[in-house]
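Order of the sequence lines fixes the chain letters, A, B, ..., with proteins taken first and strands second; residue numbering starts at 1 for each chain. The figures here come from the full heavy-atom set of this structure, side chains too, leaving out hydrogens, waters and symmetry mates.
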Number of protein chains: 2
Amino acid sequence: MATDSDTPLSRRERERRTRRQAMLRAAESVFAEKGYPHATLEEIAERAEFGKGTLYNYFEGGKEEIFFAVLDTIYDELCDLIARSVADAANGTDPRARYHALVVRALAFYHDREDLFVILIKEAYRMCFSHDASKVAYFQRQQERMVNALLPMLQQADENGALRDLPLEAIAHLLIENIDGLIVHRAIMANHPDRPTSCQHQSILDDPEKAATFLTTMLFDGVAAPPSA
Amino acid sequence: MATDSDTPLSRRERERRTRRQAMLRAAESVFAEKGYPHATLEEIAERAEFGKGTLYNYFEGGKEEIFFAVLDTIYDELCDLIARSVADAANGTDPRARYHALVVRALAFYHDREDLFVILIKEAYRMCFSHDASKVAYFQRQQERMVNALLPMLQQADENGALRDLPLEAIAHLLIENIDGLIVHRAIMANHPDRPTSCQHQSILDDPEKAATFLTTMLFDGVAAPPSA
DNA sequence: TCACCGAATGACTGACCAGTCACCTTCCTT
DNA sequence: AAGGAAGGTGACTGGTCAGTCATTCGGTGA
C-alpha cells in the first residue's frame, strides 16, 4: 500500500500492474454478470485479452484468488466512501446530515459501478454462511472495517448526546445494512416497473435524494409518528 | 391447495405425496448445506433414499424445479409466521408489540429451522440480480406476499395515527429486511465469538428478547436520542 | 400362478471447466 | 546478431454432474 510511490517502478513492474488491473476489471464484470460459480476463467481471460494460462502468472491461486482480489477492491472503495462521507466537513457534525450524504454517495456509487455492488450482494451473504471458516472470517473482517469507518461519526454524535443509549457497533451495522437493503429494494423495483405501487413509494425509489431522506428519517427518528403531530 | 381433502386420496396418491415430501426434505437439507450450485441430485436422492432417476418422476424440471419447490415451502412458512404474529390478539393493536412478537417468532423459527433461512439468504439475493426475468419475478412476488402479510397491521396503525406519514409498502419492506439483517448479524457473530465486542452488544445478540426490543426501538423510535432525555 | 404395468433405478452420456504444461514469442543483454 | 530469460498461450487432462433411458422390481387383478 504505502510502497506505491516509494521507488519509481521499472517499466516491467508498471506494465505488470497495468495488466493485473486489466485482469481484475475483466474479472469484475464477469463475476458481476455470472456470479462466482458460473463465471469462467476462459471468459475473464478473453475479456482481459489474455490467454487463460496467463491469469495463473498473475494469480497463482486461480479463480478463488482472483475473486478475493476483486472483493478487496470493492471493500476498499466502500470503506473509502464511508470515511469520506463521514469526514466531509460540509456536513458538519449532525449525524443525520452525514448519514444522508453517505446514502446519497452510496447510491451514486451503485449507479456508476453497479457491477461491484452486484458481486457483493450475490456473493457476500453466501460466504458468511459458508462452512469454510476462513471465508467467514474474511467477510467478518471486511464488515468490521466498514463499521469502523462509520464509528468515529457515531462516537462524536454519542458524545454530543445525540444518540439513544445503544451499542454503537449495533447502530453502525444497522445503518450500513439498511443501505444495502435500500439498493436491493431499488434494484428489484427498477427491474419490473409494471407492479402496482403507490406514487409516493415510487418517487422515493426513483430519486436518490428522497430515498436518502426517507432512510435517514426512518432510522434516526423512527417510523412511529412524532408525539406532538 | 383447497382440494387437499375434497376427495379421499387413493393409497397410491397418498404414498406419492409422502415420497415427494421426503424428497423435498432431503433437498432442503442439501441445499442449505451446499447452496444451490454445489448441491447434487445424487446427494438429494441418496438422503431421500431414492435413486436419482426417481427424482425426475416427481419433479420433471429437475434440479431447478426441486429448488423452487423448496423455496415455496420456505415462503409459505414465513408468510404464515408473519400473518400469525400480526393477527395474534395477545399483542393488541400496538404496532410495537406486534412487531416485537414477529421478531421473536422469526428468531425462534431461525433457531428451529436454520436450514431454511440459510437457503433463502444464500440464494434469494443472488436471484434478484439474476438476468433471468422469471427468477426475478418469482422473488419479487414472494417479497410482495410477505409485505402484504404485514400490511394489515401497518394500515391499522396508520389509521390510529401511530405512524409517520410515509409509504406503508416502504415501511413494511424496511421492517422485514431488518429481520433478515438481524439474523445475518447474529449468525456472523455466533460463528466467531472471539472477536472484540462490547458486552452490551453481545447480550443483544444472544438474547432473542433483547434483540427484538433493540430492533423495535431502533425502527419505531429511531437511533436519535429522544428530545426530552 | 401368471401377466401386466407403473414406478424405481443407476450406469451412461454429453457438456462444462479449473488448472497444467510444453511450446512459442518478445525483448533484453552481451 | 545470437542466446537466453521472461512472459504468453491454448490444447489437453481429470473431474464433476445434470439429465436420460434401458432395465429391473414389486404390487395387482385375472
>> I'd like to compare against my own output: the B/S/- annotation of nucleotides 5-19 of chain C with a strict under-4.0 Å heavy-atom distance to protein.
In response: ---BBB------SBB
Tell me which donor-acceptor pairs under 3.5 Å the side chains of residues 175-183 of chain A have, and how far apart each pair is, sequence neighbours excluded?
residue: A:N178; atom: OD1; partner: B:N178; partner atom: ND2; Å: 3.0
residue: A:N178; atom: ND2; partner: A:L174; partner atom: O; Å: 2.8
residue: A:N178; atom: ND2; partner: B:N178; partner atom: OD1; Å: 2.9

>> According to side chain to side chain donor-acceptor pair (under 3.5 Å), does anything in residues 57-67 of chain B pair up with another residue at least two apart or in another chain? List the pairs.
In response: B:R19-B:Y58
>> Using whole Å, what does the distance between atom C1' of nucleotide D:dA18 and atom CD1 of B:I44 come to?
In response: 11 Å
>> The criterion is ring pair (Phe, Tyr, Trp, His ring centres under 6.0 Å); which residues satisfy it with B:H100, sequence neighbours excluded?
In response: none
> In whole angstrom, what separates A:E15's CD from C:dT25's P?
Replying inline: 20 Å
> Between B:E65 (CD) and D:dA18 (P), how many Å, whole number?
Replying inline: 15 Å
Would you give me the side-chain donor-acceptor pairs under 3.5 Å for residues 120-128 of chain B, sequence neighbours excluded?
residue: B:K122; atom: NZ; partner: B:A32; partner atom: O; Å: 3.3
residue: B:E123; atom: OE1; partner: A:R126; partner atom: NH2; Å: 2.8
residue: B:E123; atom: OE2; partner: A:R126; partner atom: NH2; Å: 3.2
residue: B:E123; atom: OE2; partner: B:Y36; partner atom: N; Å: 3.0
residue: B:R126; atom: NH2; partner: A:E123; partner atom: OE1; Å: 2.8
residue: B:R126; atom: NH2; partner: A:E123; partner atom: OE2; Å: 3.2

>> So, using side chain to side chain donor-acceptor pair (under 3.5 Å) as the criterion, who are the partners of A:E33 when residues are at least two apart?
In response: A:R47
